[in-house]
Each structure stands twice: as C-alpha cells, then as structure tokens.
Amino acid sequence: MAPTDPAAAGRDRKLKAILDFAKNLLSTLSSSHDCASFEGLLADLNHHIHTVDALPVKAVSLSSEVAQALKDVGRKLWNQCIRERRKKDASTSLQWTRLLVRIRIFAFLIHALVRENRRGKKGGAKEEEIVHLTQLALTVGRLCIEESDLDGARLALHKVADYVERLKSSDGDYHGDPDLRSRFEAEYLTMRTALSWKEDRLDVAEHMYTKAEGLRHHLDPTSAELMADTLQHIGSDLSSKGDYSMALKWLRRAYELINGQELERLSAEGLELRLAICHQLVQVLLAIGSPENLREADDLVAYVESEIGDKPVVLHWKLEILQKSPAEVFDTDACASLLRRMIRSIDFSDAVFGFLLHNIKELRDRSSRLAMGLLDELLLTRLFPLANPDWIGKAIVRRVWMSTMEADDVDGATDLMALIARVPQESSALLNADATIAAQSLMWKKLDALYVKKDYKTAELWCQIGLQPAFSKSGEANQGKFARKLIICAIACNDIEAARSAFHSMPKTDHELGCASIEHLSKSVDKEKSQNILYACIREAQQVGDRLCTLAALKAVLEKFDLETPSKSHFPSLLRCTIRLIHLIESQDTDASDQDLELAEDTCNIFEKAAENARLDGLWPLTRIFGACLAFIECFPGDMPSKETSEIQLMAMRCHFVIAAALVSQARTEDKVDEQLQRYVEMRQHVAAFDKAFESMPQDEATSSDEAVMGDIVAKLSTLFVFDFEGAVCLKAWDQLGEIVRRAKVCKDELMYKAMGDCLLRSQAPGNVLYATMRLIINQIFELEDFDNQRLAKYIRCMFQAILPLDDNLALQVVDQALQIAREGSQMQNPFPGDELDWVVATTFNHAIDILARGDEALCHRWALKALDMAEYMDDGGDMRNVLQERVVKLGFGKGMH
C-alpha cells in the first residue's frame, strides 16, 4: 500500500471538519437565538473561518462530491442568513446580528474555496469566476462595514484586492466589460475609504479617496451611487459630531460625484440620494453660517429648484436659509411668500400642519397682518376642504388669539368677523366643543377688558363674533353669556333696539309665574301639604327643563326644615331633596346663568348650615353645593338600615361625579397653569372616591340592583375614567396611564377607550409612553368586540402614524405587530386588508429612505427589510415585493447567491 501524504490527509480532515460544521450550523441556525450559546458558537465559527481562509487553494484538491457538498451548504447558509436578516427587529440582539455577519463571511469563504479550486479547469471560465467572487466579496465587505465588523471587512477587502489584481494580470485573455475591472477597483477603494472612516483614520480615508480619483470616470451610475453614498455617510457622521468644515468637504465630494452622472441613468434611489446629499449640504452650510456659505446654500437650492420646481423640500430649504438671515435684513415679504407657497403645494400631515402654524406664529412677531392673512388662507383654502376637526380647531383658536392681540381692537374684531363670515355652513360640525370653548374664552377676556374700559361698541363686535353659528358647539350656557353681555353693551350705548333684538333672539322661557307660585307655596302654614305640592313642582319643572323653577322649589322645601338643629327625622326628606338637586344639575350644562348661581348659592348656604362642622373649599357654587352634600352625608348616623345606607352611598357617588365634571370643565378653561393643574388634582381625588365606592359595593347587591341604576353608575364611571386619564396626561403622570386603562376594563366601554386614545394622541407624551399606553388601549378594545381585520388594521395604522414621528424603534415594533397580524391572517384565510397593508408597506419603505437620507444606514436597512417582509402578504402576485427587492438590492443590502 502506497504511503499516505500527511499534509494531504490533514487537509482532507480539515475539509471534512469544515463541511460537518457548516451542515450543523445550517440545521441549528433557525434556533440559535439562545443568548447563552452565542459566545461558544461564535468562537467555533471564528475558528472555522480562520481554517478555511488559511487553506492553500493551490494545494487543495476537491473531489466532485466534496465540492458539490460544500457549494450546496455554502449557498444555503448564505440564503438562510438573508432570511434571518429580514426577520431582524427591535428585539434582535447585537450578538445575533454579529453572528449572522460572521456566518455570511464563512459562507462566502466556502463558496470561494470551491470556485477557486475549480478555476482554470475549463478554458475561459477563470475570469468569470473571479468576477463573480469579486461581487460576492464586495457584498460581504459592505455588510461587515455596515455592522462594524471591521475584521471581517478587512478579510473581504483583502480578497477583493487579490481578485482585482488577478483581473489586471489577465489583460490579454479577458474578454468582458473593459471598465468592469476599473469599477471593481474603484468600489474596492471606496470601501477602503469607508473602512478607514470606521477606524477613525480620516488621513487614510483621504489617501484611499485620492487613489480612486483616476478611476471615477470608469464608474457606471450604480457604482457612482455606492461611492457617493459612502462619502455622504462620512460627511453626515462628521456633521453629527460638529466638525462642519470636514463634513462640508466630504459632502461636496459626494455631491460632485452623484451630480456628475447623467440624471436619467440614475436609479430612483440614486435620485433620492442626490436630494439627500443636497439636503445635508444645505444643513452644513447653514450650520457654518458665514455669508459665503449662505450664498452657496442659496445657489445650491436655486439649482435644485430649477430642476425639480416648487417642491416642498425646496421651499423648506429656502425658508431655513431665509431664517438664518440677520434680523436687520430679514425679508418679511419673502418669508410670507414662501409660507404661502407651502400652504398651496404641500401635502398635509400633523407634522406639516404644526410646522406651518409655528412659522405663521413666528411671522406674526414681524408682521401681524401678513400672519393673519396667511392663517386665513390656510383655513379657507386647505383646512376647511380637508375637514379635519383637530386642525381646524387649533387654527381657529390661533386666529382668534391673533385678533385679540391686535393693538387696534376694532380692526382685530372686524377682520375676524370677515373670516368667520366666510366659514362654510357645515363648520359647526368641524369645530369641536373644546376648540369653540377655547376660542370663546379668548374672546370673552377681550370683550371683558373692553367693557371695563367702557368701549361698549367694540365689545358688541366681539359679542356678535362669539354668537356666530360656527361656535354653537360651546353650548347654550356659553352662548347665553355672550347674548347677555351683548344686551348690556347695547343698553350702555343707549341702543335700545339692538338690546331688544338681542333679547328676542334668546330662547324664551317663562320663569316668572312659576317662581312666584313657588314663593307663595313656601309661605304656607300647612307644611306637609305644601311640601307635597313643592315636590310635584320639582318633578314638573325637571320634566320641562326649567332649572330656575326647580332650584327655587328645592330652596323652598329645604327652608321649611329647622336646619340649625337638624334631627334624625329630617334625613329622609333632606336626602330626597339632595338627590333631586343632583339629578337636576348633573343633567345640565355646568355653566349657569347669574340667576342660577344666585339660587345655587342660597341652596349651598342651606346645606352648609346642615354641615356647619365641615370644612368646604371656596370653589364656584355648583361644586360648593355638592361639596356640602358630601359633608352632610358624613353626618349621617352609622346605624342606618342597609337600604338607606345604599341610597346614601349612591348619592355620594353622584356628588363625586358632578364635582369631578365641574372641576374638569373649570380646568379646561383655566388660563393659569398652576390653577389648572390644581383643578385636575382635585378632580382625580373625586374620581378615586367614586371608584373606591364602586369597588366596595357588594357583588350580590350589585347584580340584584335595578339594572337602570347600575347602568347609570357604570356609564358615569366610564366618563370619570376618561376624566382621570385626561388629568393624568395634563399632570404628566405617565406611569399611571396604563393602570387607568386597566382599571377601566370593568366598564366594557369602547367609546371610553377611544376617548382615552384621542386624548393620548393629542398629548405630548414620550414615545415609549405613547406606544405602551396606545397598545394597551387597542388590546382592551380588541377584547370587547369580535374585531375583523379591517377594523383592527385601522387601529394599528392610527398607532403607527402617532408613533412614527417620535421613535423609530417603537414604530418598528408597531410594524412587527402588523406583520404578525398579516401572517396569522394569511394562515387563517383572513388576510390583512389590502389598502391598509399597501399603506403600511409603502410608509415603512419610504421611512427607510428618509432614514438613509439622515445617514443611519443600519436603521434604514432594518426598515427596508421590514417592508419586504410585509410585502410578502400582499395579494398582488408578488409585484410589490419584487419592486422593493430590486430597490433594496440597489441600496446594497441584499445581493444574494443563486
């Protein structure tokens, strides 16, 4: 038997070990997320990477069987890594990402071993093999640089350098694209530039860039886009570190390179990259801020404008340049013109609307007339047709505020009246109660100040504005305030006809006869008979909605008792009167007339006599009344029958409800922040008291009680939980929001959760709070109803829109949730709605492009791959997936092996 070659035997054992390890790695790849196995697996992987890289190719002779096995396992590892990379989300650990990168290197080296081993066996195939290997090595190098695996990047680039040299040495035999070798060399030097930047060696990066200078004319648009993207990342990184001069140098290089290509040959991503480079160039030039840099930025923007026209991004740039101008030369008219062009051309979103509103307010400091004109145009031409109540409400309130701040009170009121006169008839449906109350509150302060100055004519104008149909959602009480003030102003001006006209326009209610009759009954000596008649009066007045008569009758009943020394026999009658009073006021608007408040004050005094030992807060009369009721309840004996105790407990709960509602109303219209927050604190105490009383109700009693009563209590509890949520938001008690949502589960009220969601979306809650709480709200609603996917998709979309501007990682988790729903729906033949899925996919991928423009390539990659995952579930025959796959490949994130 011939002696065995020890070296060959050793190489065979290494090849077998490599093959066995690769097969085992492939079988365990999908279940290797256990963090405890990472370090050991990674160490073993690094060992085999070193082994296969160190094998001398010329000395290795692969049998066709071994070569085929290595080729198959290498290809499968590569493709499995691509699939695992697509699954990457916010929960994916850094160790797992690092492991996938190293596996990709290992797969490439196996592939290279097989390819290089068979090169030259067939004539003419050598260069084709090298070209293919060069492309794969460049892909691995880009991936390693992206994930900051610098050792892996050096290994890949070492291979690229070797392959490029081989292509150079085959000049006489090479029959491929003559520019291909130069492009490979340029891409190699570009990646060396990026690697040096990652190593924080800008001097080496500069050297590598200089070496590539003579090769740039060989670049095709794809290679030019890759090089420009690298240069842009370097410039963006330097800009983020505040090194604007160096950032400017690299960004100019990126711009010159991408701008030197024929625009029609650039890909869609290349055009987006060009625009992103322009944006960062403008930002850096503005950050430096010298007159020369400002001129350069202006020239650059003018050049882009000549190509793409009056686009929103160009208008944003021009506005930023303008706002950098010194105050003494600031062009107010130019600023107004830019904002006007934005109003006409820009697609609206919450962020865009907020941006416009902020800049119009800033313009008001320089020219109030221009600012009000722009706001009028915004309302009339864009907001009213869009019919978004939130935007319209905020804009109307801001417009009213601007008018109240005008030095010329008459002009301010006249201009505002002219705007309100042009409001569409359906505007009352567009303005919600909060917006109308806020606007009327501003107007009320203005006309009150004018009234104090005895400028009655101008005050009349403001009253007339407040009485416009557009503000009808504020309720009869607020409308009545303005009507009464209008009458007073007209009388002060000796304009009796105007006063009479205003009076006759008010709702007619006949209070005089009823109040006179009640007063007569209250003087009757037959107490028992008169009390029964007065109770009948109370019921009748409540049925017809006559508040004054009801309060007067209650007052008459209460005055018949000797409240200075109340006896136990008085409690039932006093209790009935108190319940009547509670039913009356809680069913009406909390803002009462002057007569209402006078009678309420009298009634309050009566209750205070019955609870003279109680300490009451000096709040407005309605809350004092029910505060007195609560204090009075505390005086009830502890040995009362259970039925009466239950009735007293229900009465106390109603008192807490009405006081909480009154405090919320007061907080919403309070101008002093500390007073507003104090009202919310007090309100939440009453909510807690109501909730505690509800929890203390025996379960068997609750189930056997009158269904209407229990339904009313649960409905009130739903309202109180919304109040409590609003208070916690205003007090920034973010850690309590989730607990409120969970406690509210007992109400089983979808509208309550929707109200909480609306409040949360309007708040300034941190991104993590917004995400966690909104997700909890959606889950609670989902438990209440048998949701179809159409409705659930809309909730997911709402949460995605709210989270996206705040936090990329949290928004990505929302996309994961949508992906899970789409996947489960596909499995259960209940697919994710097509329109909603199309929107989520498009928005996710577009956001990836936006992130790329910011310079965060890693995060862009995550978003782009997430869009690809979502596109898998679109019912379009794979069209969207294929389009996105092509764009991802062009971005340099997904070149696979086939």
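Numbers for residues simply follow the sequence, beginning at 1.
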Q: As an exercise, state the distance from CG of L77 to NE2 of H111, rounded to the nearest 0.5 Å.
A: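 So the gap between those two atoms works out to 12.5 Å.
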
Q: Who are the salt bridge (charged side-chain N to carboxylate O under 4.0 Å, His left out) partners of D299, not counting sequence neighbours?
A: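 Here no residue qualifies.
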
Q: Do Q813 and N809 pair up side chain to side chain, a donor and an acceptor below 3.5 Å, judged on atom types alone?
A: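 Q813 vs N809: no donor-acceptor pair found between side chains.
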
Q: Does the side chain of L285 reach to within under 4.5 Å of the side chain of L248, using non-hydrogen atoms?
A: yes

Q: Residues in side-chain hydrogen bond (donor to acceptor under 3.5 Å, both in side chains) with R881, at least two apart?
A: none

Q: Give a yes or no on whether the backbone of G878 and the side-chain of N882 come within a donor-acceptor separation of less than 3.5 Å.
A: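 The answer is yes, because a donor-acceptor pair under 3.5 Å joins these two groups.
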
Q: Let me see the working for R75 and D72 under side chain to side chain contact (heavy atoms under 4.5 Å, CB included), right down to the final yes or no.
A: CA-CA 5 Å; R75 177 177 53 83; D72 289 344; 4.0 Å; yes

Q: Could you tell me the separation between the CD1 atom of I288 and the CG atom of N293, rounded to the nearest 0.5 Å?
A: 4.5 Å

Q: Whether the side chain of S345 engages the backbone of R341 through a donor-acceptor N/O pair (distance < 3.5 Å, no angle test) should be reported.
A: yes

Q: State, yes or no, whether a side-chain contact exists between I258 and I277 at a heavy-atom distance under 4.5 Å.
A: yes

Q: Would you say the side-chain atoms of E225 pair up with the backbone N or O of E269, donor to acceptor, closer than 3.5 Å?
A: no

Q: Step by step, would you call V204 with E199 a side chain to side chain contact (heavy atoms under 4.5 Å, CB included)?
A: CA-CA 9 Å; V204 179; E199 293 172 333; 5.9 Å; no

Q: Find out whether V140 and L136 are in side-chain contact, i.e. whether some heavy atom of one side chain is under 4.5 Å from a heavy atom of the other.
A: no

Q: Can you list everything that forms a salt bridge (charged side-chain N to carboxylate O under 4.0 Å, His left out) with D856? Sequence neighbours excluded, please.
A: none

Q: Are S239 and Q280 linked by a side-chain donor-acceptor pair shorter than 3.5 Å?
A: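 The answer is no; no qualifying pair exists.
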
Q: Could you measure the distance from the CG atom of L810 to the CG atom of L804? Nearest 0.5 Å is fine.
A: 11.0 Å

Q: Apply the test side chain to side chain contact (heavy atoms under 4.5 Å, CB included) to residues L195 and L157: give CA-CA distance (whole Å), side-chain angles for both, the deciding distance (0.1 Å), then the verdict.
A: CA-CA 10 Å; L195 177 60; L157 292 181; 3.9 Å; yes

Q: Indicate yes or no for a side-chain donor-acceptor contact from N359 to the backbone of F355 under 3.5 Å, with no hydrogens or angles considered.
A: yes

Q: Kindly assign one of parallel, tilted or perpendicular to the pair H847 and W863, based on the angle between their ring planes and the thresholds 30° and 60°.
A: perpendicular

Q: Counting C-beta onward and ignoring hydrogens, is there a side-chain heavy-atom pair between M227 and L189 closer than 4.5 Å?
A: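 No, side chains not in contact.
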
Q: Decide yes or no for L319 and M342: does some side-chain heavy atom of the first lie under 4.5 Å from some side-chain heavy atom of the second?
A: yes

Q: Specify the closest pair of heavy atoms between I105 and G152, including all atoms of both residues, with the distance to one decimal.
A: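 For I105 and G152, the tightest heavy-atom pair comes out as CD1-CA, 3.6 Å.
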
Q: Which pairs, with at least one residue in residues 243-260 and sequence neighbours excluded, count as a salt bridge (Lys or Arg N to Asp or Glu O under 4.0 Å)?
A: E206-K249, E206-R253, R252-E296

Q: Are the charged groups of D151 and R154 less than 4.0 angstrom apart, N to O?
A: yes

Q: Going by the rule salt bridge (charged side-chain N to carboxylate O under 4.0 Å, His left out), which residues pair with R192 if we only count those two or more places apart in sequence or in a different chain?
A: none

Q: Salt-bridged, R166 to E129, with N to O below 4.0 Å?
A: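 Salt bridge flag = no for E129 with R166.
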
Q: Contact between R142 and L138 at the side-chain level, heavy atoms closer than 4.5 Å - yes or no?
A: yes

Q: Quick check: do T844 and M870 have side-chain heavy atoms less than 4.5 Å from each other?
A: no

Q: With no hydrogens and no angle check, is any side-chain donor or acceptor of H47 less than 3.5 Å from a backbone partner on A43?
A: no

Q: More than 12 heavy atoms of other residues, nucleotides or ligands under 6.0 Å from CG of D203: yes or no?
A: yes

Q: Looking only at atom types and distance, does a side-chain atom of N259 sit under 3.5 Å from a main-chain N or O of Y255, one as donor and one as acceptor?
A: no

Q: List the steps and the verdict of side chain to side chain contact (heavy atoms under 4.5 Å, CB included) for Q135 and F184.
A: CA-CA 8 Å; Q135 291 171 333; F184 280 159; 3.8 Å; yes

Q: Holding to ring pair (Phe, Tyr, Trp, His ring centres under 6.0 Å), I want the full list of residues that pass it with F106, two or more places apart in sequence or in another chain.
A: F21

